[in-house]
Each structure stands twice: as structure tokens, then as C-alpha cells.
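Please see the structure below; I have some questions.
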There are 2 protein chains.
Amino acid sequence: MVEGLRPEQLRTYFALMESVSLLHHAVEQQLQEEGGLRYVQFQLLARLTDAGGPLTMTELADGVVYSRSGLTHQAGLLAKAGLVTRGPSPDDQRATLVTITDTGSALVARVMPGHVDVARDLLFAPLSEQDLHALDDIIGRVRDHMRARPPRSAAPRKRRTAQPTAGTDE
Amino acid sequence: MVEGLRPEQLRTYFALMESVSLLHHAVEQQLQEEGGLRYVQFQLLARLTDAGGPLTMTELADGVVYSRSGLTHQAGLLAKAGLVTRGPSPDDQRATLVTITDTGSALVARVMPGHVDVARDLLFAPLSEQDLHALDDIIGRVRDHMRARPPRSAAPRKRRTAQPTAGTDE
DNA sequence: TATTGTTATACTCTATAACTATA
DNA sequence: TATAGTTATAGAGTATAACAATA
């Protein structure tokens with residue numbers, strides 16, 4: 001069943017990717033300028049803020065980072081900057097509990113207004129109240145669906161083509 | 001007037017970012033496995049396909065890459081892989097015309113089905129026909145709006161504040 | 001044995017600045 | 001002078017694999 005997408009769907013898909021790419025780029029810039037943060041780092045801080053307490057590395061990673069080592073790296077940067085602290089977990093000796101510091105919270109607070117500005121100017125500006133509801137509903141469902149999906153196949157096989165592979169199948 | 005976003009908007013924004021991040025990641029994987037391509041490279045090839053003829057570097061860059069050198073790099077990789085060729089433009093001696101090769105077209109064709117599969121399974125699966133129309137309409141408007149936006153301030157100045165990578169020496 | 005995390009390493013993308021050549 | 005591209009280079013993110021410690 002290699003049913004393709006209809007033209008409308010393909011168009012929607014590309015428009016979505018491009019939009020978010022532009023949005024992401026703008027946001028990345030705003031965060032960098034106003035807080036010296038990458039979006040990934042902002043996400044981690046935001047998640048910690050949202051949780052209202054410490055999180056383990058694993059909990060922190062979910063949906064934000066796609067490799068353990070990547071998270072370790074980012075958490076290390078945040079810790080070095082004094083935005084979070086890391087310590088052992090009383091429940092599970094293997095786990096590392098990450099806690100946002102006051103400095104971290106302050107930074108999030110300082111960066112938030114500008115961040116929200118970008119989102120409003122770029123994303124919400126051209127949308128009506130009705131659009132907003134529709135988008136919220138739709139994208140919410142999409143995200144839930146994607147979260148449920150296992151990371152696309154259990155890596156059936158690996159192909160290591162460093163450069164774009166040309167031509168026919170090998 | 002630093003009016004923040006309403007909770008619903010903030011939620012929508014984050015859901016959108018997360019969804020596309022997941023989608024992007026999946027797509028990146030599919031393209032890598034089946035064609036040894038990055039999404040950026042796929043985009044460039046797709047754009048060339050769509051144009052139906054050669055494009056200048058500048059035309060090619062639009063919306064895909066955010067720096068000239070980045071495009072030069074990617075185009076170089078594509079050329080080295082034999083997916084595109086580059087040559088001088090008859091109209092403007094400064095310009096470089098990029099043309100997709102048959103190999104390039106073949107690769108796009110080979111990768112497309114799987115690519116579309118990912119989009120369908122992850123993005124469109126949970127959407128009704130009505131959702132699709134709504135999303136297409138909304139996201140289309142958003143993209144047009146964003147394209148119109150100048151790249152968020154003409155880089156008035158560069159500031160590095162409280163970056164997690166700096167400050168405390170190691 | 002399976003998890004939680006870290007480390008070490010290697011690869012790649014990205015961006016800035018300097019430079020060439022055309023318009 | 002402004003624009004089109006390239007080059008060189010530096011900086012950062014990410015992932016894989018190997019490893020340590022705990023469940």
C-alpha cells in the first residue's frame with residue numbers, strides 16, 4: 001500500500017514544514033539574543049518550570065532530545081551556566097535529578113515575553129479566533145498521535161551513506 | 001504592549017513545535033536510510049524538480065537555508081554525489097545555475113514513496129477530511145505571512161547575555 | 001539482564017568574515 | 001557600490017558505541 005498523498009496533502013505538509021522552520025529559526029534567534037539559549041535548552045528549562053520540581057534525565061528528555069548523550073550534553077551546559085543543578089535521586093540511585101535554579105527561573109522569565117512576541121507575530125498574527133481553535137484542536141491531536149507512535153520502526157537495518165547516495169538501489 | 005499569549009495559544013504553539021520536531025526527525029531518518037539524504041538536500045532537489053529547470057543559488061536558497069555559505073556547502077555535496085550540476089548563467093555572469101541530473105531525479109523518485117508514507121502515517125493519519133482542509137488553509141496562510149516577514153529585525157546588534165556556554169570558566 | 005547516565009569520539013551543519021568577480 | 005558565490009574556519013549540536021553503576 002504505497003498510496004501517495006493527494007496534492008493538497010503534499011502541499012499542506014510542505015507548508016507546515018516550512019512554516020515551522022521559519023518559526024523555529026526566528027525563535028532560535030530571539031532566545032540566543034535575549035538569553036544566550038538554544039531552543040532545546042529553553043525547552044528543557046520550560047519543562048522543568050512546568051513540572052514544578054526536579055525531573056530525572058529520562059523524564060526531561062522525552063520529546064525534546066533524541067539521544068541520551070545529547071541530553072547529558074545540554075544538561076551539562078545548563079548546569080555550567082548555573083541554570084540547573086544535578087543531584088542523585090533518593091528513589092533510584094541510578095537516576096539523576098535535575099532541578100532548575102532561581103537563576104534559571106529568572107532567565108526563563110526574562111526571555112519569555114520576547115519569545116511569546118515572536119510566536120504571536122509570526123504564527124498567530126494571520127489567524128482568526130476560529131483558526132486558532134481549529135489549529136489547537138488539530139495539532140493537539142497530531143501531537144498525541146505522534147507521541148504514541150513508536151520511533152518509526154525498530155531500526156530494521158542500517159545504511160551508512162555519509163554522502164547522498166546516487167542512483168539505483170545497491 | 002507586551003500582551004502575552006493566552007494559555008490556549010501557548011499550548012498550540014508548543015504542540016506545533018513538538019509535532020513538527022517529531023515529524024522532522026522521522027523524515028530525516030527515512031531520507032537518510034532510503035537515500036542518504038538530509039531533509040535540506042531533499043528540499044533542494046524537490047525545489048529543482050518543482051521548478052522544472054535550473055535555478056540560481058539565490059533562488060534555490062529561499063526559505064530552505066539561512067546562509068549563503070550553507071547553501072554552497074549543501075550544493076557542493078549534491079554535486080559531488082552527482083545529483084546536480086552547476087554552471088554559469090548566460091544572463092548574469094555572477095550567478096551559478098544549478099540543474100538537477102537524471103540521477104538526482106531518480107533519487108527523488110525513489111525516496112518519495114517512503115517519504116510520503118511517513119507524512120501520512122505521522123501527520124495525516126489522525127486527521128479527518130475536514131481537518132485536512134482546515135489545516136491546509138490555516139498553515140498556508142501562516143506560511144505566506146511568515147515569508148512576507150522580514151527576517152525579524154535587520155540584525156540591529158548582536159548581544160550575548162548569560163549564555164550557558166560562557167561565564168564560569170571550567 | 002535491563003536501565004540510567006556519562007564519556008569519548010566522530011561527523012555534520014551552520015554561520016561569520018574575508019575574498020573574487022561581475023552589475 | 002551592490003550583488004552572487006565561494007572559501008576558510010571556527011563553533012555547536014547530535015548520535016553511536018563503550019562503559020560504570022544500580023535495579
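Quick note on labels: first sequence line is chain A, next is B, and so on, each numbered from 1.
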- Message: Can you list everything that forms a side-chain contact (heavy atoms from CB on, under 4.5 Å) with A:R86? Sequence neighbours excluded, please.
- Response: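 Expected list: A:A75, A:A79, A:T96, A:V98.
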- Message: Output the rounded distance in Å from CD (A:E28) to P (C:dC13).
- Response: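 That distance rounds to 17 Å.
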- Query: Between D:dT9 atom P and B:H73 atom NE2, what is the distance in whole Å?
  - Reply: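 After rounding, the gap between these two atoms is 14 Å.
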- Query: What is the distance, rounded to the nearest whole Å, between atom CG of A:L60 and atom P of C:dT6?
  - Reply: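 From A:L60 CG to C:dT6 P: 11 Å.
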- Message: Under the rule for salt bridge (charged side-chain N to carboxylate O under 4.0 Å, His left out), what residues qualify as partners of A:E59, not counting sequence neighbours?
- Response: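 If we apply the salt bridge (charged side-chain N to carboxylate O under 4.0 Å, His left out) test to A:E59, skipping adjacent residues, there are no hits.
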- Provide, to the nearest angstrom, the distance between the CG atom belonging to A:L31 and the C1' atom belonging to D:dG13.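 Distance check: A:L31 CG to D:dG13 C1' gives 16 Å.
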- Message: If I take atom CZ in residue A:R38 and atom P in nucleotide C:dC13, what distance separates them, rounded to the nearest angstrom?
- Response: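 It is 17 Å, rounded to the nearest whole Å.
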- Distance, rounded to the nearest Å, where B:Y66 contributes OH and D:dA12 contributes P: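 So the OH-P distance, B:Y66 to D:dA12, works out to 21 Å.
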- Give a yes/no on whether any side-chain N or O of B:Q29 is located under 4.0 angstrom from OP1 or OP2 of D:dA15.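 For D:dA15, neither OP1 nor OP2 has a side-chain N or O of B:Q29 closer than 4.0 Å.
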- Salt bridge A:R120-A:D117, side-chain N to carboxylate O under 4.0 Å: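 Salt bridge: yes.
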- Query: Is the distance from OP1 or OP2 of C:dA15 to the nearest side-chain N or O of A:H25 less than 4.0 Å?
  - Reply: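 Yes, because at least one side-chain N or O of A:H25 sits under 4.0 Å from OP1 or OP2 of C:dA15.
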- Task: Let me know the distance between CD of B:Q32 and P of D:dT14, rounded to the nearest Å.
- Result: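 To the nearest whole Å, that distance equals 16 Å.
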- With sequence neighbours excluded, tell me which residues meet salt bridge (charged side-chain N to carboxylate O under 4.0 Å, His left out) with B:R68.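 Listed in chain order: nothing, the list is empty.
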- With B:H24, which residues qualify under ring-ring contact (aromatic ring centres under 6.0 Å, His included), at least two apart?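 With sequence neighbours excluded, B:H24 shows a ring-ring contact (aromatic ring centres under 6.0 Å, His included) to B:Y39, given in chain and number order.
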- Note on the structure: Under a 4.0 Å heavy-atom criterion, the protein footprint on nucleotides 1-6 of chain D, written with B, S and -, is --BSBB
- Any side-chain N or O of A:Q93 under 4.0 Å from OP1/OP2 of D:dA21?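 No, because none of the side-chain N or O atoms of A:Q93 sits under 4.0 Å from OP1 or OP2 of D:dA21.
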- Task: Provide, to the nearest angstrom, the distance between the CG atom belonging to B:L37 and the P atom belonging to C:dT12.
- Result: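 In whole Å, C:dT12 P and B:L37 CG are 14 Å from each other.
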- Any salt bridge between B:D131 and A:R141, counting N to O under 4.0 Å?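 Judged by the 4.0 Å cut-off on N to carboxylate O distance, B:D131 and A:R141 do form a salt bridge.
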- Considering residues at least two apart in sequence or located in another chain, which fulfil the ring-ring contact (aromatic ring centres under 6.0 Å, His included) criterion with B:H25?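 A:Y66.
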